[in-house]
Amino acid sequence: MLTLTLPDGATREVAPGTLPVDVVKSIGEGLARAAIAVAVNGKVQDLMTPLRDGGDFRVLTARDAEALDVLRHSTAHLLATAVRRVRPDAKIGFGPAIEDGFYYDFEVERPFTPEDLERFEQEMAKVVKEKLPFVRAEVSRREAQQVFADDPLKLERLSELGDDEVISTYTDGPFVDLCRGPHVPDTGYLKHFKLLNTAGAYWRGDEKRQMLQRIYGTAWFKKEDLDAYLHRIEEAKKRDHRVLGKQLDLFMFHQFSPGSAFWTERGTTIFNALVGYVRELQREHFQEVRTPVLYNKGLWEISGHWGKYRENMFLVQNNETGELDTSLKPMNCPSHYLLYLSKKHSYRELPLRFATFDTLHRNEVTGALSGLTRVRQFHQDDCHIFLTEDQIADEVRFLAQFIVRYYETFGLKPTVRFATRPEVRIGDDALWDRAEGALRAALEATGMPFQMKPGDGAFYGPKIDFDVTDSLGRLWQLGTIQLDYNAPERFDLQYVGEDNTMHRPVVIHRAVSGSFERFVAILIEHFAGAFPVWLAPEQVRVLPITDELADVARAVVRRMRDAGIRAHLDDRNETLNYRIRDGEVMKVPYMAVIGKREAEGDTVAVRARGEGKKQEVIPVAQFIERVGEEAKTRALQTAD
RNA sequence: GCCAGCGUAGCUCAGUGGUAGAGCACCCGAUUCGUAAUCGGGCGGUCGUCGGUUCAAUCCCGACCGCUGGCUCCA
């Protein structure tokens with residue numbers, strides 16, 4: 001007999017092979033109707049899979065997150081069922097649940113069109129009405145090979161399963177899939193779904209294998225949830241930095257320079273404000289430097305980039321040799337090493353921090369380019385630190401605090417990750433052991449919680465990544481602290497120690513914003529375009545109510561500008577309502593309205609962004625002081 | 001780079017095998033207004049580029065460029 005322990009502590013004795021659905025029914029009929037699946041010792045299985053083990057027994061309903069995965073995985077099968085009915089030639093790949101939905105991969109002669117998706121969706125609705133049960137069967141390898149004789153992708157997967165593994169199939173009506181499960185009891189449970197888009201996807205994620213047609217969809221237990229999700233997608237699109245970048249007149253792209261942003265005056269203001277902030281933070285302990293953009297390949301041969309990353313560099317022809325033996329720099333590190341090598345350094349100078357904002361170019365493949373988030377030309381707040389091994393712990397703490405403080409200014413919460421040696425790397429394992437040990441110890445000493453990212457380190461060393469999540473739910477790697485024992489060897493970096501002999505420093509690579517381009521994109525979406533005052537391209541818009549007051553308004557703008565405030569006059573021949581609306585659409589933090597009353601009292605009627613009902617009339621001087629203070633302190637919220 | 005979709009006025013988009021339209025923006029005029037779009041008039045496009053089919057191509061076909069969603073990649 002198996003002993004099942006329910007969440008309330010009660011126990012049930014059942015025979016091995018009992019169906020969970022019967023156990024659930026014995027607990028309550030209402031629960032049986034709501035049940036989607038069960039979890040035995042935390043492992044989710046469906047209601048029709050015989051129980052093998054006793055232990056903690058939990059019934060999953062629509063309220064459990066695990067049940068949502070079951071629902072989505074089943075919806076993927078539902079999709080495949082429909083696709084097979086409409087396009088019997090389709091070979092099936094994998095169809096898992098993913099965040100917010102599911103996908104299913106098919107191999108077909110003719111790729112799917114948007115019209116096909118509509119057909120599939122209609123067919124899915126029919127299958128739902130048919131309430132086809134998901135029937136689990138455990139089969140032998142030979143049986144499975146027969147069932148999937150016409151599905152080469154499934155046969156490939158089958159051949160990888162070990163002999164000790166249970167091979168199970170799930171059948172709903174005409175459709176059989178090689179699948180571990182679990183699934184909902186029948187297709188009638190799958191009511192609220194939507195197919196979203198198709199995409200090509202390499203079989204097994206390998207670009208050398210054939211390309212399959214992937215269909216993405218989403219599925220939910222309740223219609224409200226589905227609607228809310230679709231609404232969320234719409235809202236996310238509205239704050240997409242590419243949409244807002246146009247609407248707020250911040251930047252543009254042109255086909256003559258794909259992947260490189262053109263910054264308008266307003267966008268440049270934001271860009272410069274960010275650079276200015278990093279400069280301010282670095283004034284004390286960093287040395288800002290500038291190095292060339294163009295280098296002979298000799299440099300990249302020393303650094304190791306020529307072999308590994310040449311395809312991703314912009315090569316330039318040397319007119320004397322006719323060779324493509326020169327390149328735009330894709331990173332700053334080697335140039336900083338050259339700068340370091342230009343002098344003899346004492347241990348007294350360390351840690352020595354070279355910081356730069358130079359322009360970098362990487363020849364990203366066309367398909368990878370995307371708005372400001374993936375570009376070919378960009379600017380990092382890059383820094384290379386030369387230090388002794390003894391200084392690593394202190395330095396990592398210093399840098400980590402620096403980075404976290406910077407993000408706090410924007411209200412961004414980072415997740416810290418520790419990334420270890422990748423498969424393709426330079427340097428021997430002893431060196432990696434040392435680097436990973438030192439960096440990990442330093443990270444642990446900061447007391448910050450962190451996650452592991454095994455194999456995700458740079459090819460020259462382990463790193464600490466600071467990732468943030470944007471409004472669209474995408475995770476962005478922003479800041480990074482990378483420890484490098486390799487570069488000092490390759491470039492023969494040295495310093496004179498206390499003992500008057502030469503020593504090898506270690507190098508730390510550090511970036512805070514990642515690239516400013518991408519950081520601006522994240523900020524646009526993070527703030528939905530409503531930048532805090534210190535970043536807002538236009539901080540105050542002054543609106544005279546009538547033409548007669550234009551001169552008074554102009555004088556107020558003058559005073560604000562003299563106080564360092566980015567103020568603009570809007571005396572266009574439009575109604576006040578029109579101009580207010582325009583200011584709101586452009587997300588200007590403050591509008592200062594000047595009517596006859598204000599003109600007489602040297603005041604302005606202040607309207608804070610998004611707070612139309614709460615205007616207040618205050619003296620011009622006081623307003624100037626308030627805005628100036630907000631900008632200076634980089635306040636996140638506008639004052640009430 | 002790969003798969004699919006898309007490319008029409010500054011922007012958002014409609015449209016048709018017989019050389020194009022709306023709203024907003026912009027310009028002009030009227031209006032002088034108290035907190036999210038005043039009214040009227042006007043300007044504006046070799047329909048991404050090149051080639052093909054056709055009596056005729058923005059529309060059909062092909063190539064290229066770019067963008068979007070994915071896949072791959074991301075020092």
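Below, read A as the first sequence line, B as the second, and so on, with proteins coming before strands; counting in each chain starts at 1.
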Open item on the list: Looking at A:Tyr578, I'd like to know whether one of its side-chain N or O atoms comes within less than 4.0 Å of OP1 or OP2 on B:G34.
Closed with: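 So the side-chain polar atoms of A:Tyr578 never come under 4.0 Å of the phosphate oxygens OP1 or OP2 of B:G34.
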Please identify each residue that fulfils side-chain hydrogen bond (donor to acceptor under 3.5 Å, both in side chains) with [X], with sequence neighbours left out.
X: A:Asn332; value: A:Lys329, A:Asp382
X: A:Glu517; value: A:His379
X: A:Asp429; value: A:Arg425
X: A:Ser335; value: A:Thr291

Counting only pairs under 3.5 Å, give me each side-chain donor-acceptor contact of residues 480-488 of chain A, with atom names and distances, residues two or more places apart or in other chains.
| residue | atom | partner | partner atom | Å |
| --- | --- | --- | --- | --- |
| A:Thr480 | OG1 | A:Asp465 | OD1 | 3.1 |
| A:Thr480 | OG1 | A:Gln482 | NE2 | 3.2 |
| A:Gln482 | OE1 | A:Tyr460 | OH | 2.4 |
| A:Asp484 | OD1 | A:Asn486 | N | 2.8 |
| A:Asp484 | OD1 | A:Ala487 | N | 2.9 |
| A:Asp484 | OD2 | A:His509 | NE2 | 2.9 |
| A:Tyr485 | OH | A:Glu389 | OE2 | 2.7 |
| A:Asn486 | ND2 | A:Ile426 | O | 3.2 |
| A:Asn486 | ND2 | A:Tyr460 | O | 2.9 |

Checking all strands, does [X] fall into the base, sugar-phosphate, or nothing category for heavy-atom contacts under 4.0 angstrom?
X: A:Gly612; result: sugar-phosphate
X: A:Arg310; result: nothing
X: A:Gln247; result: nothing

Mind running a 4.0 Å heavy-atom check of [range] against RNA chain B and sending the residues that fall below it, in number order?
range: residues 414-429 of chain A; result: none
range: residues 100-121 of chain A; result: A:Pro111
range: residues 543-556 of chain A; result: A:Ile545, A:Thr546, A:Asp547, A:Glu548

TODO: Assess whether one donor atom and one acceptor atom, taken from the side chain of A:Arg607 and the base of B:A36, lie less than 3.5 Å apart.
DONE: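 Counting by modelled atom types and ignoring angles, a donor-acceptor contact under 3.5 Å is found here.
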Open item on the list: Looking at the base of B:C33, is there any donor atom on it, or on the side chain of A:Asn573, that sits under 3.5 Å from an acceptor on the other one?
Closed with: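 Yes, the side chain and the base share a sub-3.5 Å donor-acceptor pair.
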TODO: Using a strict 4.0 Å threshold on nitrogen-to-oxygen distance, state whether A:Lys453 and A:Asp467 make a salt bridge.
DONE: yes
Below 3.5 Å between N/O atoms, which protein atoms pair up with nucleotides 9-16 of chain B? Just atom names and distances, please.
| residue | atom | partner | partner atom | Å |
| --- | --- | --- | --- | --- |
| B:U12 | OP1 | A:Lys246 | NZ | 3.3 |

Under 3.5 Å, which donor-acceptor pairs link side chains of residues 591-604 of chain A to any protein atom two or more places apart or in another chain?
| residue | atom | partner | partner atom | Å |
| --- | --- | --- | --- | --- |
| A:Glu598 | OE1 | A:Gly595 | N | 2.9 |
| A:Asp602 | OD1 | A:Arg559 | NH1 | 3.0 |
| A:Asp602 | OD2 | A:Arg559 | NH2 | 3.3 |

Open item on the list: Under the side-chain hydrogen bond (donor to acceptor under 3.5 Å, both in side chains) test against A:Trp203, which residue among A:Gln210, A:Glu156, A:Glu107 passes?
Closed with: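 Checked A:Gln210, A:Glu156, A:Glu107 against A:Trp203; only one passes side-chain hydrogen bond (donor to acceptor under 3.5 Å, both in side chains): A:Glu156.
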Open item on the list: Would the distance check show the side chain of A:Asp116 and the main-chain N or O of A:Thr113 forming a donor-acceptor pair, the cut-off being under 3.5 Å?
Closed with: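 Yes, because the side chain of A:Asp116 sits within donor-acceptor range (under 3.5 Å) of the backbone of A:Thr113.
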Task: Protein proximity profile, nucleotides 66-75 of chain B - base contact B, sugar-phosphate-only contact S, no contact -, cut-off 4.0 Å on heavy atoms - done: SSSBBBSBBB
Open item on the list: Show me the dot-bracket string of RNA chain B, counting Watson-Crick or G-U pairs under 3.5 Å, with | for pairs to another strand and [ ] for crossing ones.
Closed with: (((((((..((((....[..)))).(((((.......))))).....(((((..]....))))))))))))....
